[in-house]
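For reference, the structure discussed in these notes is given below.
For ligands, and for the atoms within them, numbers begin at 1 and follow the listed sequence.
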Amino acid sequence: MNIMVVGGGGREHAIIKSLKKNPKAEKIYALPGNGGIAADAECVPIKATDIEGIIEFVKNSEIDYAVVAPDDPLVMGLVDRLEALGVPCFGPRKDAAIIEGSKVFAKNLMKKYGIPTAKYEVFTDAASAYAYVEECPLPTVIKADGLALGKGVLIAGTREEARAAVREIMEDKAFGKSGDQVVIEEFLEGPEVSVLSFTDGKTIVPMISSMDHKRAGDHDTGLNTGGMGTIAPNPCYTSEVASRCMNEIFLPTIQAMNHENRRFKGCLYFGLMITKDGPKVIEYNCRFGDPETQVVLPLLESDLLTVMQAVTEERLKDCRVKFSRDAACCVIMASAGYPVKYEKGFEITIPEDLGDKVFVAGAKRSEDKLLSDGGRVLGVTEIAGTLSEAVEKAYADVKRIHFENAYFRKDIGQRALMEG
Ligand code: AMP
Ligand code: GLY
């Protein structure tokens, strides 16, 4: 089988490493992939958002199966285009990917179907948003409607900050058209849990839970990033919480999407907050999380390709999806200065025995060298019987991986160890 994986970060590297375990996956193309992924797949230099370029490539290659991993091409409708060419895909169509593509859509869906989430108001003009933030309870949360590279959420503790957030999103258009509408919502408190799930629109199978560490600095200080590390399972996701989530959130969400004639097939990601009133949805993503995938897939004992094909063919009900009872920890090594300003182009050295544990995010190949080429450079994942062992092993690996200017958080897993 020839498989095409669209995307080029650590998440895609983890997906490719898992797909490769199935001998049916004879050839894997990564579009565009990266210098590290090149060790596991054939990288084709076509950007994930270059829909026409991808379609041309598919017309000239024999692709038997496609996995579309990032949000942009999903929201742009790449799956619809590939299906029109007869290529079976893993990933939602455009009409279902809107669950991540528009926060206004997601919030209205939850309100209509009684799915627990923060109370909110939607604004389409800056004047009404400014008026609202003069009187709403503080802190308040201001979100750009559309995709914003994970940066479109601003938490305001004062009226001044709230006004500045409205200005940034709606007037300065910091996130372009994504800021044409804003959601202003209630500030919720409680531990956060990420739950990725497989769903074919009929059956939903949650994967093992995880915890992201989004802020750049230790102890959750500093700017928001794409994610500086993850652990799985998340100790806040008890069996009681899991069963509430299934009944109050997961099943109602897929039923709601079916009811709206927007059947969701692929990986539906639930960003949850466990509040004192129970679990609530912070966000939906229409894709695997990054770096959640780097701890979730290494714990998947079932074959990923088999599960993905069952989703595509709508027979997930008959497919066994089994996770290990071990724990995993992924520590991201970034370029110092990320997420603001950083230097790149430094040689990366990774001991050979760590090959299967390292998921490369931002690196390019130059002759036989691997050079840093992004903010998040790579992640290293370790698995062990207990979380504390997994954390210890991951940090021992980090010490053995070198590139100039490397920065990583020192406390990945500490919060989970305190909860656990
Ligand atoms: P999102 O991109 O929607 O996941 O938001 C990014 C982060 O902002 C989340 O992981 C939360 O930490 C925080 N956040 C988003 N919405 C809320 C909310 N209503 N209350 C408190 N924190 C929030
Ligand atoms: N790690 C958060 C995300 O993938 O959106």
Could you go through ligand 2 and note, for every N or O atom, any protein N or O atom closer than 3.5 angstrom, writing the atom names and distance to 0.1 Å, or 'none'?
| from | atom 1 | to | atom 2 | distance (Å) |
| --- | --- | --- | --- | --- |
| ligand 2 | 1 (N) | Asp212 | OD2 | 2.8 |
| ligand 2 | 1 (N) | Asp290 | O | 2.9 |
| ligand 2 | 1 (N) | Glu292 | OE1 | 2.8 |
| ligand 2 | 1 (N) | Glu292 | OE2 | 3.3 |
| ligand 2 | 4 (O) | Arg287 | NH1 | 3.0 |
| ligand 2 | 4 (O) | Asp290 | N | 3.0 |
| ligand 2 | 5 (O) | Asn285 | ND2 | 3.2 |
| ligand 2 | 5 (O) | Arg287 | NH2 | 2.9 |

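- Thr381 OG1 to Gln294 CD: the interatomic distance, rounded to the nearest 0.5 Å, is 6.5 Å.
- A distance of 11.5 Å separates CD of Glu382 from CG of Asp326, quoted to the nearest 0.5 Å.
- Using a 3.5 Å distance cut-off with no hydrogens or angles, the side chains of Ser372 and Tyr342 do not pair a donor with an acceptor.
- Looking at Val183, Val153, Leu154 and measuring to atom 5 (O) of ligand 1, the nearest heavy atom belongs to Val153.
- Evaluation of the side-chain contact (heavy atoms from CB on, under 4.5 Å) rule for Lys177 yields Asp180 as partners, not counting sequence neighbours.
- For Tyr284 and Phe270, the distance between ring centers is under 6.0 angstrom.
- Annotation for ligand 1: atoms under 4.0 Å from non-hydrogen atoms of Phe187 are 20 (N), 21 (C).
- Checked options Arg409, His213, Lys214; the residue passing with Asp220 is Arg409 (criterion: side-chain hydrogen bond (donor to acceptor under 3.5 Å, both in side chains)).
- Of all atoms in ligand 1, listed by their number and element, those nearer than 4.0 Å to a heavy atom of Lys103 are 3 (O).
- Considering backbone and side-chain N/O atoms, Glu186 comes within less than 3.5 Å of an N/O atom of ligand 1.
- Separation of the Tyr29 and Phe57 ring centroids falls under the 6.0 Å cut-off.
- Numbered from 1 in the order shown, with element, the atoms of ligand 1 that lie under 4.0 Å from a heavy atom of Glu185 read 16 (N), 17 (C), 18 (C), 19 (N).
- Between Leu188 and ligand 1, a contact under 3.5 Å exists for at least one N or O pair.
- Using a 3.5 Å distance cut-off with no hydrogens or angles, the side chains of Glu292 and Ser210 do not pair a donor with an acceptor.
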For this session: Any chance you could lay out the side-chain hydrogen bond (donor to acceptor under 3.5 Å, both in side chains) test for Asn405 and Tyr338, step after step, and finish with the verdict?
Result: CA-CA 11 Å; Asn405 250 7; Tyr338 171 75; over 6 Å; no
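- Contact annotation: Lys143 has at least one heavy atom less than 4.0 Å from an atom of ligand 1.
- When the options Lys280, Glu100, Glu283 are ranked by their closest heavy atom to atom 1 (P) of ligand 1, first place goes to Glu283.
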